[in-house]
Amino acid sequence: MTALPNQTPLPHLEAFDAHGVRMTLTVPAEPDEAAAATEVIKRLALETAPRWERVPGTVGGTALRARLLDEAGLALDGLGFMHWALSADGDVLASGSPRPQRAPEDGSDPFFGEAWRASIADENGLPLADVSLAGTPGWHAALAVRRRGDGDRARTVAVLADAARAADRLANQLVAARPGEIERLEASLCDDGAAALVLAAGQEPLVTEGWPLAGAAWLASEARTAR
């Protein structure tokens with residue numbers, strides 16, 4: 001599965017429906033390896049996920065989407081895949097790089113390479129920001145985006161975290177928050193090691209501590225035209 005830079009397979013995409021959730025797996029691996037990984041995730045969703053119905057709050061909403069991502073990520077880790085990106089109905093969990101390379105032989109990191117990229121759009125489909133995910137093998141990076149179009153609450157919320165369930169929970173809290181509550185929720189973001197981008201009607205975009213600087217810089221110059 002490990003290749004030298006000039007031998008790294010192009011990312012291979014597999015898409016499938018799993019327990020009512022549309023999932024995709026993108027992995028820089030040979031097609032047969034990618035297909036085998038996809039089958040493992042399908043079995044996880046089709047055979048294991050129904051058992052979660054006995055656990056309150058894990059089936060029938062975005063919590064199922066998030067749990068599928070986290071469990072699938074752990075399954076891929078267990079198979080020895082270090083570089084992959086998973087999507088479940090738009091939420092993303094990623095590890096490593098789409099084009100992994102060997103690091104310099106100094107023992108600091110077994111691989112390096114460009115990070116996976118994710119684009120974030122508002123409720124009208126207009127671009128808000130572009131962020132990197134993971135880049136380090138074995139370190140999970142999750143992105144959850146939530147939108148609403150009514151009232152004076154947040155219109156678009158994006159949360160970066162190290163697990164899909166944390167990103168899901170925090171994004172749902174932020175998009176449901178009333179004016180004045182978002183600042184209070186920043187403490188929860190910090191406690192979870194997460195960061196958020198929040199766009200509300202008639203307000204300047206909010207980028208919390210820890211949001212990637214490249215995304216913040218892009219947002220500061222472009223968000224007014226994106227609203």
Next item on the list: For side chain to side chain contact (heavy atoms under 4.5 Å, CB included), just list the numbers for L133 and L160, CA-CA rounded to whole Å, side-chain angles, deciding distance to a tenth of an Å, and then say yes or no.
Entry: CA-CA 9 Å; L133 297 172; L160 292 170; 3.5 Å; yes
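Between atom CG of residue D89 and atom CZ of residue R22 there is a gap of 9.5 Å, rounded to the nearest 0.5 Å. Here the CD-CG distance, from E39 to L46, works out to 9.5 Å after rounding to the nearest 0.5 Å. Distance check: T208 OG1 to L174 CG gives 8.5 Å after rounding to the nearest 0.5 Å. Taken to the nearest 0.5 Å, the CG atom of D77 stands 13.0 Å off from the CH2 atom of W139. Distance check, rounded to the nearest 0.5 Å: CZ of R147 to CG of L199 gives 11.0 Å. Rounded to the nearest 0.5 angstrom, L25 CG and T38 OG1 are separated by 4.5 Å.
In terms of heavy atoms, A161 sits closest to A166 at CB-CB, 4.1 Å. When all heavy atoms are compared, the tightest approach of V27 to F81 is CG2-CD2, 3.6 Å. Between A115 and S132 the shortest heavy-atom distance is CB-CB, 3.7 Å. The two residues A118 and L143 make their nearest non-hydrogen contact at CB-CD2, 3.6 Å. The two residues A34 and A29 come nearest to each other via the heavy atoms N-CB, 4.4 Å. Nearest heavy atoms, G210 versus A195: C-CB, 3.5 Å.
Side-chain atoms of R99 and P28, non-hydrogen and from C-beta on, never get closer than 4.5 Å to each other. Side-chain contact between I41 and L76: present, with at least one pair of heavy atoms (C-beta onward) separated by less than 4.5 Å.
The backbone N or O of S95 lies less than 3.5 Å from a partner atom in the side chain of W116, making a donor-acceptor pair. Not a single donor-acceptor pair under 3.5 Å links the side chain of R65 to the backbone N or O of D168. S87 places no side-chain N or O within 3.5 Å of a backbone atom of T24 that could act as its donor or acceptor partner. Panel note: side chain H83, backbone S97; a donor-acceptor pair is recorded below 3.5 Å. Looking at D162, its side chain never comes within 3.5 Å of a backbone N or O of H140 through a donor-acceptor pair.
L44 and M23 fall into different hydrophobic clusters, where Ile, Leu, Val, Met, Phe, Trp and Tyr side chains are chained together by heavy-atom contacts under 4.5 Å.
Between D91 and the options R67, R146, R169, a salt bridge (Lys or Arg N to Asp or Glu O under 4.0 Å) holds for only R146.
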